[in-house]
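Single-structure report; data block below.
Keep in mind that the numbers below use all heavy atoms, side chains included, and drop hydrogens, waters and symmetry copies.
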Amino acid sequence: MSADADFITPAELGRELGHNDGDRPGITVRRYLRERYPDHPKHQRWQLSVDEADDVRQHFRSRA
């Protein structure tokens with residue numbers, strides 16, 4: 001997790017899940033997040049809670 005242990009960023013989560021997003025780290029995770037959480041304000045930083053991060057992990061691991 002990031003320096004603030006209460007949150008994880010999409011880039012950190014993407015690396016954890018083995019996504020290679022090149023020069024746009026976390027884009028694969030953010031794409032899913034935009035679909036899953038459409039009420040998140042546009043152009044605002046994603047700081048995922050433990051529950052949100054676990055949701056992302058479950059989504060991508062079930063697709064592997």
Side-chain angles (χ1 to χ4, degrees):
M1 290 212 166
S2 62
D4 184 344
D6 293 335
F7 297 99
I8 187 169
T9 67
E12 292 169 326
L13 196 50
R15 283 190 295 274
E16 173 187 319
L17 294 169
H19 294 286
N20 181 7
D21 294 324
D23 63 344
R24 299 182 66 196
I27 193 71
T28 303
V29 171
R30 284 193 301 276
R31 192 173 295 133
Y32 168 71
L33 291 169
R34 284 191 295 270
E35 292 175 13
R36 177 80 167 112
Y37 303 100
D39 294 334
H40 182 79
K42 290 186 177 187
H43 309 291
Q44 297 296 312
R45 180 179 173 98
W46 286 93
Q47 292 182 314
L48 305 175
S49 68
V50 171
D51 290 337
E52 291 167 329
D54 286 344
D55 171 61
V56 172
R57 288 179 184 107
Q58 181 178 357
H59 171 76
F60 284 102
R61 289 184 178 146
S62 70
R63 298 178 77 210

Under the side chain to side chain contact (heavy atoms under 4.5 Å, CB included) rule, collect the residues that match up with Arg34, sequence neighbours excluded.
Ile27, Arg30, Arg31, Trp46

Using 0.5 Å steps for rounding, measure from the CG atom of Asp6 to the CG atom of Leu48.
12.5 Å

Is the shortest distance from a Lys or Arg side-chain nitrogen in Glu16 or Arg61 to a carboxylate oxygen in the other one below 4.0 Å?
yes

Side chain to side chain contact (heavy atoms under 4.5 Å, CB included) for Leu17 and Val56? Distances and angles first, verdict last.
CA-CA 9 Å; Leu17 294 169; Val56 172; 4.1 Å; yes

Does Asp55 have any side chain to side chain donor-acceptor pair (under 3.5 Å) partners at least two apart in sequence or in another chain, and if so, which?
Tyr32, Arg36, Tyr37

Any ring pair (Phe, Tyr, Trp, His ring centres under 6.0 Å) involving residues 11-30? Give me the pairs, sequence neighbours left out, ordered by first then second residue.
His19-Phe60

Smallest heavy-atom separation, Ile8 atom then Ala53 atom, equals CG2-CB, 3.6 Å

What residues, two or more places apart in sequence or in another chain, satisfy salt bridge (charged side-chain N to carboxylate O under 4.0 Å, His left out) together with Asp21?
none

By side chain to side chain contact (heavy atoms under 4.5 Å, CB included) - contacts of Gln58 (at least two apart)
none

